[in-house]
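Below is one structure, written out as structure tokens; comments come after it.
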Amino acid sequence: MLDINEIQKIIPHRHPFLLVDYIEDYVPGEYAVGYKCVTFREDFFQGHFPGQPVMPGVLTIEALAQVGAVAILSMEEHKGKTAFFGGINKCRFRGMVKPGDKLKLETTIIKQRGPVGVGKAVASVDGKVVANAELTFVIGS
């Protein structure tokens, strides 16, 4: 398990854009499972949407990418580097994420060749899938 301080040693994201609270399980270069405990205090709820707060879907995908970045950047050869988005494919939003939800974020690395790879990503709340996608990443310096 990795807490917020350990996550920040692996990926460069910081508040308010760090969207992972802890990593429950991971194997460097293979997968990571993390969580975001969504609270009403999130900055994006002020305008998305007043009276009906919903976490923006693109931020759910970003959270999945950050979990995938933990899996990839925890590899010895990638420590201290940054993983950038290279693409988002087969993305589907299947439910809403609201204040009080515990968002489970699972990203499995399914391909990697050199600095480019693909992760299969699934976000869920209480066992119900709310988003899934294939995320392409590029490792930079």
Side-chain angles (χ1 to χ4, degrees), residues 1-50 52-141:
M1 188 165 139
L2 301 174
D3 66 22
I4 197 75
N5 294 315
E6 294 165 311
I7 292 168
Q8 290 182 94
K9 290 176 185 174
I10 298 170
I11 63 175
H13 303 78
R14 298 295 182 265
H15 178 80
F17 212 67
L18 179 57
L19 299 172
V20 181
D21 292 325
Y22 67 95
I23 298 291
E24 177 182 72
D25 189 21
Y26 75 108
V27 172
E30 293 184 25
Y31 73 90
V33 178
Y35 289 88
K36 166 74 175 156
C37 298
V38 182
T39 72
F40 188 71
R41 292 178 171 243
E42 309 290 345
D43 292 333
F44 50 79
F45 284 136
Q46 291 179 33
H48 198 268
F49 297 98
Q52 187 180 3
V54 177
M55 183 173 177
V58 295
L59 293 182
T60 301
I61 299 302
E62 173 63 28
L64 286 164
Q66 290 179 17
V67 168
V70 168
I72 257 329
L73 298 177
S74 60
M75 296 173 65
E76 195 59 43
E77 62 266 32
H78 298 312
K79 287 188 178 178
K81 295 183 179 179
T82 302
F84 296 97
F85 259 126
I88 302 170
N89 295 307
K90 301 179 184 175
C91 182
R92 296 289 179 263
F93 298 104
R94 304 182 184 284
M96 292 188 276
V97 180
K98 299 176 179 181
D101 286 344
K102 186 174 180 180
L103 184 59
K104 184 176 184 179
L105 305 156
E106 303 173 85
T107 303
T108 302
I109 307 306
I110 57 173
K111 284 189 241 180
Q112 186 177 4
R113 187 173 186 165
V116 179
V118 176
K120 181 179 178 185
V122 179
S124 60
V125 174
D126 295 329
K128 181 181 181 255
V129 174
V130 294
N132 59 291
E134 282 188 4
L135 307 176
T136 301
F137 60 86
V138 180
I139 305 295
S141 50

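Worth knowing before you read on, the calculation uses all heavy atoms, side chains too, and leaves out hydrogens, waters and symmetry mates. Count residues from 1 along the sequence.
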Rounded to the nearest 0.5 Å, what's the gap from OG on S124 to NZ on K102? Could you check? 11.0 Å
Go through K36 and E42 one step at a time and tell me if the side-chain contact (heavy atoms from CB on, under 4.5 Å) criterion holds. CA-CA 11 Å; K36 166 74 175 156; E42 309 290 345; 3.1 Å; yes
Close side-chain approach of T60 and M55, heavy atoms under 4.5 Å: yes
Are M75 and Q112 side-chain neighbours, meaning at least one heavy-atom pair lies under 4.5 Å? yes
Considering all heavy atoms, the nearest P53-F45 contact: CB-CD2, 3.5 Å
Looking at side-chain heavy atoms only, is the closest gap between I61 and F93 below 4.5 Å? yes
Quick one: list whatever passes side chain to side chain contact (heavy atoms under 4.5 Å, CB included) with A69, sequence neighbours left out. I11, L73, A83
What closest approach, in Å, do K81 and E77 show between heavy atoms, and which atom pair accounts for it? NZ-O, 3.4 Å
Considering all heavy atoms, the nearest Y31-D25 contact: OH-OD2, 2.7 Å
Closer than 3.5 angstrom, by distance alone: can the side chain of E134 be matched with the main-chain N or O of K90 as a donor-acceptor pair? no
Is any side-chain heavy atom of V70 closer than 4.5 Å to one of V20? no
Take F17 and L59, measure what side-chain contact (heavy atoms from CB on, under 4.5 Å) needs, and give me the verdict at the end. CA-CA 9 Å; F17 212 67; L59 293 182; 4.0 Å; yes
Does C37 offer a backbone N or O that forms a donor-acceptor pair with the side chain of D21 under 3.5 Å? yes
Backbone N or O of K104 within a donor-acceptor pair of the E24 side chain at under 3.5 Å? no
Could you check L103 against V130 for side-chain contact (heavy atoms from CB on, under 4.5 Å), going step by step and ending with a plain yes or no? CA-CA 9 Å; L103 184 59; V130 294; 3.9 Å; yes
With no hydrogens and no angle check, is any side-chain donor or acceptor of K128 less than 3.5 Å from a backbone partner on R94? yes
Shortest non-hydrogen contact from I109 to A71? CG1-CB, 4.4 Å
Crowding at CG, N89 (>12 non-hydrogen neighbours, <6.0 Å): yes
Give me the atom names and distance for the closest heavy-atom approach of L135 to F85. CD2-CE2, 4.0 Å
CD1 of I72 to CD of E30: how many Å apart, nearest 0.5 Å? 10.0 Å
Strictly distance-based, threshold 3.5 Å: is any side-chain N or O of D3 a donor or acceptor partner for the main-chain N or O of N5? yes
Which atom names give the shortest non-hydrogen contact between I10 and S74, and what distance separates them? CG2-N, 3.9 Å
Give a yes or no on whether the backbone of Q8 and the side-chain of R14 come within a donor-acceptor separation of less than 3.5 Å. yes
The reported gap from CG in L18 to CD in E62 (rounded to nearest 0.5 angstrom) is 9.5 Å
